[in-house]
Amino acid sequence: MSSLLTPEKLVDALSLGALYALIAVGYTMVYGIIRLINFAHGEVFMLGAFWALLIVGMDEPTGVNIFVALVPSMLMCAAVGMNVDWTTYLPLRRRLPRSDALSILSLGLLGIGAIFYKLTGDAAHVWYSDGAHTAIGWGVIGLLPIVIFALALGEKLEWLGRSLGRVASDRLSALITAIGMSLILQTLAQLIWGAEPRAFPEASLPAFLNESVFSIFGARVAGKELVIWVAAIVIMVLLQLLVTRTKIGTAMRACSMDQKTAALMGISVDSVIAFTFVIGSAMAAIAGVLYAVKVGGSISFRMGYYQGLIAFAAAVLGGIGNIKGAMLGGVLIGFVQGFSGGGNFSLPFVVMILVLLIMPRGILGEPQATRA
Amino acid sequence: MSVGDYVVLSTEKLRKEFGGVCAVNDVDLDVRHGSITALIGPNGAGKTTVFNLITGNYDATRGRVTFTDSERVEHSLCGRTPDRITRLGIARTFQNIRLFGDVPTLDNVKLGLHPRTSRGALSALLRFPAAAEEREVHVAAYRYLEFVGLASKSHELARNLPYGEQRRLEIARALALAPNLLLLDEPAAGMNPQETEDLMALIRRIRDLGITVLLIEHDMRLVMGISDYIVVLDHGEVIARGLPAEVKNSPDVIRAYLGDEAI
């Protein structure tokens with residue numbers, strides 16, 4: 001084993017840190033507003049890599065550049081993130097959910113869609129030479145009925161919740177629902193795309209990604225590392241501007257302080273929450289794609305589970321609910337992971353526990369509970 | 001506009017059950033524009049529940065709530081969410097104050113102005129229009145603080161204000177929403193006689209702005225002193241309504257408050 005501290009490891013640590021920070025912010029933003037650990041966030045990260053893979057070509061390269069594929073991947077992940085909220089968490093936090101039993105319905109449809117896709121997948125390859133287009137096509141076709149059913153049936157079924165005297169769930173049921181959602185998405189991904197890890201085809205990766213751009217302390221910095229650093233910094237700055245300078249950012253902060261009062265200030269709390277999921281999920285998509293670019297052959301249904309948990313640890317380490325804390329925690333965990341060689345999944349948690357022993361609310365955590 | 005021009009808020013057979021308990025039982029309520037209407041009754045009479053039904057915090061078991069906005073357009077409030085109802089023009093304060101405690105008083109009021117600002121993500125990046133608007137919001141928020149007499153405390157954290165001032169801040173924040181109807185839930189609770197006196201003057205000034213006021217209050221001096229119209233609730237039902245003098249002498253009201261022996 002090489003020495004503990006090498007310049008190569010520093011480069012690696014910086015990139016991992018940037019990526020974990022991008023994911024951790026998604027966890028922390030959602031927690032900050034609805035006090036829920038959205039365990040499905042890791043799966044959105046995984047889906048980000050898969051959507052991009054579909055577009056650049058899963059079996060044969062389509063010739064699409066990975067950076068071009070990033071945009072639809074972000075959009076798809078934003079849609080998935082928002083749907084996870086609408087179909088799963090929204091009914092739990094509403095007293096009288098408009099979109100009620102339909103969450104089960106849309107999940108069912110999602111499952112049926114997945115099986116349908118599996119069954120017709122081979123046939124589709126005969127109709128179209130290009131697998132990617134088929135997959136996207138099915139994705140869009142599959143989404144439409146879900147949305148229509150959801151809207152139509154949700155309104156009709158409102159009386160059911162009303163007559164059952166429905167009340168909002170407690171946080172524990174939301175938490176186990178989040179874990180369930182995470183497993184459902186993982187299983188779906190495995191059903192659809194199989195279990196073996198994949199990588200982006202060479203043709204989709206611009207040459208400069210693997211060429212060394214410059215060097216730090218004698219360690220070569222490949223283009224992809226630089227892309228990760230720049231992307232992370234730009235996104236974090238934009239996010240900070242969004243949260244502090246815009247109307248929706250103000251609304252987000254108000255919702256994180258007191259949702260009920262925020263609603264009485266004319267803020268549509270559910271839209272703000274949906275927006276939070278959209279932003280977090282789009283960032284997770286970027287992280288997913290960049291992670292798969294950095295670590296070849298890492299795209300698998302399991303990637304969201306491991307990386308997601310580590311990023312969650314990063315969010316807790318930095319102080320859950322605090323965006324800057326998540327960035328800091330991500331970088332710290334990235335360093336732990338990078339310097340330990342990357343393969344050890346327990347070390348970030350050891351560090352997290354050690355830090356929490358001294359600072360139980362995380363490094364930048366709120367000094368006391370904001371709400372009872 | 002004079003008092004009684006039109007009905008701002010009307011409820012028809014409004015009912016709310018919690019399990020087997022009927023907190024609000026077929027309540028009919030008419031609040032005329034430009035009036036100060038008081039909703040009174042013993043503890044647990046269902047007054048705050050009525051407020052929560054109006055503002056969409058509870059869904060009614062049955063019944064209708066109709067609101068007329070400042071453009072004289074009628075809206076049914078049934079099934080609407082609190083944020084929609086707020087944007088239609090109903091603002092409220094709470095029995096137990098709900099301010100954003102960890103931010104300055106001025107920012108609390110600015111948040112009330114939130115629905116009327118336009119700062120989108122794009123203009124925030126371009127900055128120029130946003131900066132101009134930010135100044136306007138700042139000035140407007142300051143005016144509302146001035147109106148309730150808190151201008152000198154604009155930079156203090158809301159939770160550090162004394163109780164009476166927190167109540168006035170909550171009113172300023174509600175006014176910033178430019179409501180047509182203002183709901184005040186026990187605005188005088190915990191106030192000393194002087195503060196109550198000031199509050200009465202403030203409520204009158206709010207009415208003079210053309211904002212209709214519906215309030216819940218236990219302080220009879222305040223209720224009798226400023227109300228144009230009073231509705232008395234007991235056990236979720238309206239037991240009396242009318243002008244202050246009429247209500248004061250109603251045997252039903254005296255019985256509800258003091259028991260049978262008092263008659």
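Throughout, a chain's letter reflects where its sequence line sits, starting with A, and its residues are numbered from 1.
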Does atom [atom1] of [X] have more than 12 heavy-atom neighbours, drawn from other residues, nucleotides or ligands, at distances under 6.0 Å?
X: B:H235; atom1: NE2; value: no
X: B:R84; atom1: CZ; value: no
X: B:R205; atom1: CZ; value: yes

Identify which part of [X] has an atom lying under 4.5 Å from any heavy atom of chain A, answering side chain, backbone, both or neither.
X: B:R98; value: both
X: B:F18; value: neither
X: B:L111; value: both

Atom pair CG/CD1 of A:L264 and B:I90 - distance to nearest 0.5 Å: 10.5 Å

Rounded distance (nearest 0.5 Å) linking atom CG of B:N108 with atom OG1 of A:T261: 9.5 Å

Any side-chain heavy atom of [X] sitting closer than 4.5 Å to one from [Y]?
X: B:P82; Y: A:K260; answer: no
X: B:D107; Y: A:R253; answer: no
X: A:V269; Y: B:D83; answer: no

Nearest heavy atoms of A:M265 and B:T86, plus distance in Å: C-CG2, 3.9 Å

Residue pair B:R87 / A:S268: nearest heavy atoms and the distance that separates them: NH2-CB, 3.9 Å

